[in-house]
Trainee: 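One structure, as structure tokens, below. Some questions next.
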Amino acid sequence: MIKKYTSGNPICTEAFIEKYDSLNISEFPLVNRVENNKFVFEFDMQDNDIVYGLGEAPRGINKRGWVYESFCSDDPFHTETKSSLYAAHNFLMLYGSKTFGLFVDFPARVRWDIGYTSTNKTVITIDGTDFDIYVIDGSKPIEIVKEFRSAIGKSYIPPFWAFGFQQSRWSYPDKQAVDKVIDGYNKANIPLDCVYLDIDYMERYKDFTVDEQKFPNFADYVKEKKEQGIHLIPIIDAGVKKEENYEVYEEGIENDYFCKNGDGSVFEGGVWPGIVGFPDFLRKDVREWFGSKYKILTDAGIDGFWNDMNEPAIFYSTKGLNAAIEKASSLKGKNLDLSQFFNLKDTFLGLSNSPADYSSIYHTVDGKQVCHDRVHNIYGANMTKAAGEYFEKEFGNGKILMFSRASYVGAHRSSGIWFGDNHSWWSHILLNLKMLPSANMCGFLYCGADLGGFNENATRDLVLRFLALGVFTPLMRNHSALGTRDQECYNFENSKDFKDILEVRYRLIPYLYDTFCKASENNDMIFRPLSFDYPDDKIARECETQLMLGDECMICPVYEQNVSGRYVYLPEDMTFVKLSGENVVTEKMTKGTHYIEVSLNEVPLFIKNGKQIPLCKPAMRTGLLDRENLEYIY
Ligand code: GLC
């Protein structure tokens, strides 16, 4: 059962599709108070209680013992001391002595102190007094998730081919570079379905343009790639370049579509293209306008996009940069003491994503001027909604691949997410794993991390182990940053190992796609913490390195370097399966802890007793998979 408590006049985020009668906040059952215009509420936890939720967030599956903040942040260092990542997924669930779920529907900052200040207390601070809180009752975690999910609406289902393997890099700047990637994969006989176009495909980083020099006759080229079974997926950034005669910018100015400063002038910030205007995605007319621009690319045959920099990321504002330059000029030639020097340095470092800039931007919501601070967490979600609404209208559901970096609950209905700029660190394999069930709880099913890691150089073994987890994630994309080592599978020695891993993915696609569609249809999770299935098993309850997948399996990636396997805990008797290319090795194992040997070209998997999963033959493209003739393993 869901109860909704309303305080003040909340901004409608459209997170929920189900309507509930509002109870007054004075009836809210948890201890609460208003402090400095913030609503603070709390609940006690017993030692063994678990706290789940917060979707894409740092740290563990069990969120206890840290303070998190819902504040969509462009932060490429996903270390455990961070509080926020790119998303704001305000769902939390207490599981144990008491079990209930909460959703705080509020588009500005929310602070979640989950046993950080006081070990057995969760204190939630909403940065305002206009909000809705939903309380979801249920005795089992999965019931709570399903109830919540049915109220927020069904999760986005991408096209089937979006389950194929995807290769990205910042950047493949031109057609020659893209062809080289496809050729590399073809020659190594490694399956591939998508190649990404990062910012350099555009003309001077202008959204909805394609650089003719780099991609002459773009539509013909897209068609040619489609005939080879390859989808090209261009990036779209939130900011629109300020440039004379650039149609999108000029239309934005003429129609007053951009976010404003307090004085009504257009807010100007610097991102990849230099100065940009930020479309006011909170307005329906602006969404319709921006959404219809995707047509420029869909008309050229493009059927997949990734929306980026939509927290929004702002490298600097014109105002901020000018002030910093003035400050630096005034200090020129002076003998700076330590504090003056660091102050100057911090002035420049603090230019990006600065709170001062965010609080100087204005949106129009229901005809009223609203400071960006108040709606920060739904900006990116509304950018994605702009695209989603257009795609649905033009193509119907499930035809266009769409995923975003920033998100809020509700965006799960029209897109997936990727987990942003991670690192080529071993610890990020596990971080990837931990985000999966949390994201699923919040409705985001089509998700995944940059496999191999985005920032810094990856080693061959890291990419292989990362991919062996990615075999199971709906979005399976290898992506890496500008200046890093080549990370395409065929660029490493003995590419046969990569082929072995990727063929396993293709063999599993019918099963994974089916599991995905069922989860979307039934408001279910694809990935669950072990405790959901084995609530009375202490080791399972505490397990953060394995996940249940669908009704049939348990996954357990190897996540350390220079090891030949890992320890795995079986909460019941299961079949251990090692998949590699077309090889399948099975072994019955009993409940308990085992050390499993897993080579770099193998994907480990456990199948529950009495369950079986289908495998098809591998193929070079999803379109070539024979989905009828399946072999079952158990
Ligand atoms: C951002 C994105 C990353 C992309 C880069 C250049 O950092 O998160 O994926 O490669 O921008 O567009």
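Both counts, for ligands and for their atoms, begin at 1 and track the order of listing.
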Trainee: Who's the nearest protein heavy-atom neighbour of atom 4 (C) of ligand 1, and how far?
Mentor: D198 OD2, 3.4 Å
Trainee: So is W306 polar-close to ligand 1, meaning N/O to N/O under 3.5 Å?
Mentor: no
Trainee: With a 4.0 Å cut-off on N to O distance, would you call K295 and E394 a salt bridge?
Mentor: no
Trainee: Judging by distance only, is a nitrogen or oxygen of D308 under 3.5 angstrom from one on ligand 1?
Mentor: yes
Trainee: Would you mind telling me which of R405, E311, H78 makes a side-chain hydrogen bond (donor to acceptor under 3.5 Å, both in side chains) with Y86?
Mentor: H78
Trainee: Classify the contact between F419 and ligand 1 as side chain, backbone, both or neither, using a heavy-atom distance cut-off of under 4.0 Å.
Mentor: neither
Trainee: Does D421 reach ligand 1 with a nitrogen or oxygen that is under 3.5 Å from one of the ligand's nitrogen or oxygen atoms?
Mentor: yes
Trainee: Pair up each side-chain donor or acceptor in residues 213-221 with any protein partner under 3.5 Å, not counting sequence neighbours, and list the distances.
Mentor:
from: K214; atom 1: NZ; to: D200; atom 2: O; distance (Å): 2.7
from: Y221; atom 1: OH; to: K175; atom 2: O; distance (Å): 3.4
from: Y221; atom 1: OH; to: D179; atom 2: OD1; distance (Å): 2.7

Trainee: Does E80 have more than 12 heavy atoms from other residues, nucleotides or ligands lying within 6.0 Å of its CD?
Mentor: no
Trainee: Looking only at distance, does W170 have an N or O less than 3.5 Å from an N or O of ligand 1?
Mentor: no
Trainee: Give a yes or no on whether a salt bridge exists between D75 and K82, defined as a side-chain N under 4.0 angstrom from a carboxylate O.
Mentor: yes
Trainee: May I ask you to check whether Q167 and Y490 show a side-chain donor-acceptor distance below 3.5 Å?
Mentor: no
Trainee: Mark up the atoms of ligand 1 that fall under 4.0 Å of a heavy atom belonging to H479, in ascending order.
Mentor: 3 (C), 4 (C), 9 (O), 10 (O)
Trainee: Which ligand 1 atoms, with their elements, are less than 4.0 angstrom from a heavy-atom of I235?
Mentor: 12 (O)
Trainee: Say whether S407 and H89, considering side chains only, have a donor N or O and an acceptor N or O under 3.5 Å apart.
Mentor: yes
Trainee: Could you list which atoms of ligand 1 come closer than 4.0 Å to a heavy atom of R405?
Mentor: 1 (C), 2 (C), 7 (O), 8 (O)
Trainee: Relative to the heavy atoms of F454, which atoms of ligand 1 are at a distance of less than 4.0 Å?
Mentor: 3 (C), 9 (O), 10 (O)
